[in-house]
Undergrad: 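The structure is given below, and queries will be raised subsequently.
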Amino acid sequence: IHIVYSKQKEGEMTMPTLSITKSATPSAVKVGEEFTYTVIVRNNSVLNPAAGVSVTDFLPAQICVTGISYSTGTTDFSQDTITWNIGTLQPLATGTLTITAIAQEAGAKTNSAAVTADDLNPSILADATITVEPVADLAIYKQVCSAHTLLGDSLTYLVTVVNNGPSAATGVNVTDTFAPNGVVINSVTSSQGGCNPPIGNVATCNLGTLLPQTVATITVMATSASTGSVQNTATVTSEVYDGNTANNSAIALATVDPVADVSITKTVLPAIGVIGSPVTYTITVTNNGPSPANGVTVEDILPDGLILNSASCPVTGQAVTCSIPILAA
């Protein structure tokens, strides 16, 4: 234990020695996260109280104060300044001011505080800096125009990216993935930034920086290449932290119906017949595709003057009806 004695001359005042410290906890947060500034004032004098102690705290811009607590005295909060009137601080006593706040923008936020007293001139300063990282809430939506179409028809997909903020999103990238062999991508364009040539069933676009509350769009032109439900998934990412990843992907479904081109030809031998002699009719049905043809029916009704002897399909009177469940392309 070290004991330091100082002798005061008769009639001489001993000046109180004040100190002020300031800290920020945690040292780094994201936009919208709460943090704390703490100011501690101490009277280091072992003999004399400090009278008229007051602290002025200067808040940085774009800081939303959510709470103020203090161990002694009173406070007044006006705009970006907190005035903490401690009054008299006894020897070796401390006072604590705690400020909870939320940063509304990214950057380094320095909070300065100055303590004064009746016997203190000039004031003593202290500051603390907190690093605020940006936060962006990117949301993506996807629609397909003409969601019900035919095989081989054109499809138009519209991708919409919205930055709900509060910060700007940099390095925004969109990846648009189609079901394998579902479509043939013809072109990809965007309202800002640029898109790469599609690779197989994947299209990618770099939208650059998307400011808060702004929208960017991507248009994908494609041709349907398979039937059934064709799924397409678009995903958005950014260099900036995204606190809500639930809306970073979107799915669009298109229903593609099959298309078949069915043709029929008919021949007869001999071309010139003799009464009472047989003639043979041959019917050829062709599916030119691109899809299989389901439920194909061929009906041949013979005119009067011909007697039907036989057919490779069921006969009813003068009518021959052939059913082909599936005719491949």
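Residue numbers run from 1 in the order of the sequence given.
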Undergrad: Before you tell me yes or no, could you show the steps for S190 and L207 under side chain to side chain contact (heavy atoms under 4.5 Å, CB included), namely the whole-Å CA-CA distance, both residues' side-chain angles and the distance that decides it to 0.1 Å?
TA: CA-CA 8 Å; S190 60; L207 302 180; 3.9 Å; yes
Undergrad: S238 side chain to T170 main-chain N or O, any donor-acceptor pair under 3.5 Å?
TA: yes
Undergrad: Under the 3.5 angstrom rule, does the side chain of Q213 hit a backbone N or O of N164 as a donor-acceptor pair?
TA: yes
Undergrad: Look at the side chain of W84 and the backbone N and O of T72, then say whether any donor-acceptor pair between them is shorter than 3.5 Å.
TA: yes
Undergrad: Determine whether a donor-acceptor pair (N or O, by modelled atom type, separation under 3.5 Å) exists between the side chain of T25 and the backbone of T36.
TA: no
Undergrad: Do N44 and S19 meet the criterion of a side-chain donor-acceptor pair at a distance under 3.5 Å?
TA: yes
Undergrad: Side chains of T209 and V172: does their closest heavy-atom pair fall under 4.5 Å?
TA: no
Undergrad: Quick check: do N294 and V296 have side-chain heavy atoms less than 4.5 Å from each other?
TA: no
Undergrad: Quick one: does any side-chain atom of N201 pair with a main-chain N or O of T177 as donor and acceptor, under 3.5 Å?
TA: no
Undergrad: Between S249 and T235, is there a side-chain donor-acceptor contact under 3.5 Å, judged purely by atom types and distance?
TA: yes
Undergrad: Please tell me if the side chains of L308 and V315 come closer than 4.5 Å, counting only heavy atoms from C-beta onward.
TA: yes
Undergrad: Flag the pair V29 / I130 as yes when at least one side-chain heavy-atom distance between them is below 4.5 Å, and no otherwise.
TA: yes
Undergrad: Please answer whether the main-chain N or O of Y37 pairs with a side-chain N or O of D57 as donor and acceptor at a distance below 3.5 Å.
TA: no
Undergrad: Output yes when a side-chain donor or acceptor of D261 lies under 3.5 Å from a complementary backbone atom of N288, and no otherwise.
TA: no
Undergrad: Go through F178 and V220 one step at a time and tell me if the side chain to side chain contact (heavy atoms under 4.5 Å, CB included) criterion holds.
TA: CA-CA 11 Å; F178 292 81; V220 180; 3.7 Å; yes
Undergrad: As a quick check of understanding, evaluate side-chain hydrogen bond (donor to acceptor under 3.5 Å, both in side chains) for D137 and N247, giving each step before the final call.
TA: CA-CA 8 Å; D137 177 16; N247 56 4; 3.3 Å; yes
Undergrad: Give the minimum heavy-atom separation between T227 and P258, together with the two atoms involved.
TA: CG2-CA, 3.6 Å
Undergrad: Count the heavy atoms belonging to other residues, nucleotides or ligands that lie under 6.0 Å from CG of N181, then report whether that count exceeds 12.
TA: no
Undergrad: Is there a side chain to side chain contact (heavy atoms under 4.5 Å, CB included) between N163 and L211? Walk through the geometry before answering.
TA: CA-CA 7 Å; N163 181 9; L211 298 176; 5.7 Å; no
Undergrad: At their closest point, which heavy atom of A216 faces which heavy atom of L210, and how far apart are they?
TA: CB-CD1, 4.0 Å
Undergrad: Between D300 and I283, is the side chain to side chain contact (heavy atoms under 4.5 Å, CB included) condition met? List the steps.
TA: CA-CA 9 Å; D300 191 359; I283 300 170; 3.4 Å; yes
Undergrad: On a heavy-atom basis, which atom in L138 and which in D242 lie closest, and how many Å separate them?
TA: N-OD2, 3.1 Å
Undergrad: Side chains of T116 and S123 only: does a donor on one sit below 3.5 Å from an acceptor on the other?
TA: no
Undergrad: Does either side chain, that of T66 or that of T100, offer a donor lying less than 3.5 Å from an acceptor on the other one?
TA: yes
Undergrad: What verdict does the side-chain hydrogen bond (donor to acceptor under 3.5 Å, both in side chains) test give for S45 and T17, after you've listed the backbone C-alpha separation in whole Å, the side-chain angles of each residue and the deciding distance to 0.1 Å?
TA: CA-CA 5 Å; S45 173; T17 303; over 6 Å; no
Undergrad: Looking at G171, is its backbone amide N or carbonyl O close enough to the side chain of N173 to form a donor-acceptor pair, meaning the two atoms are under 3.5 Å apart?
TA: yes
Undergrad: Would you check if V55 and I86 make a side-chain contact, meaning some heavy-atom pair closer than 4.5 Å?
TA: yes
Undergrad: Testing the basics here: between A136 and S167, what is the closest heavy-atom pair and its distance to 0.1 Å?
TA: CB-O, 3.7 Å
Undergrad: Quick one: does any side-chain atom of K109 pair with a main-chain N or O of A61 as donor and acceptor, under 3.5 Å?
TA: yes
Undergrad: Could you tell me whether the side chain of S224 and the main chain of S226 form a donor-acceptor pair under 3.5 Å?
TA: no
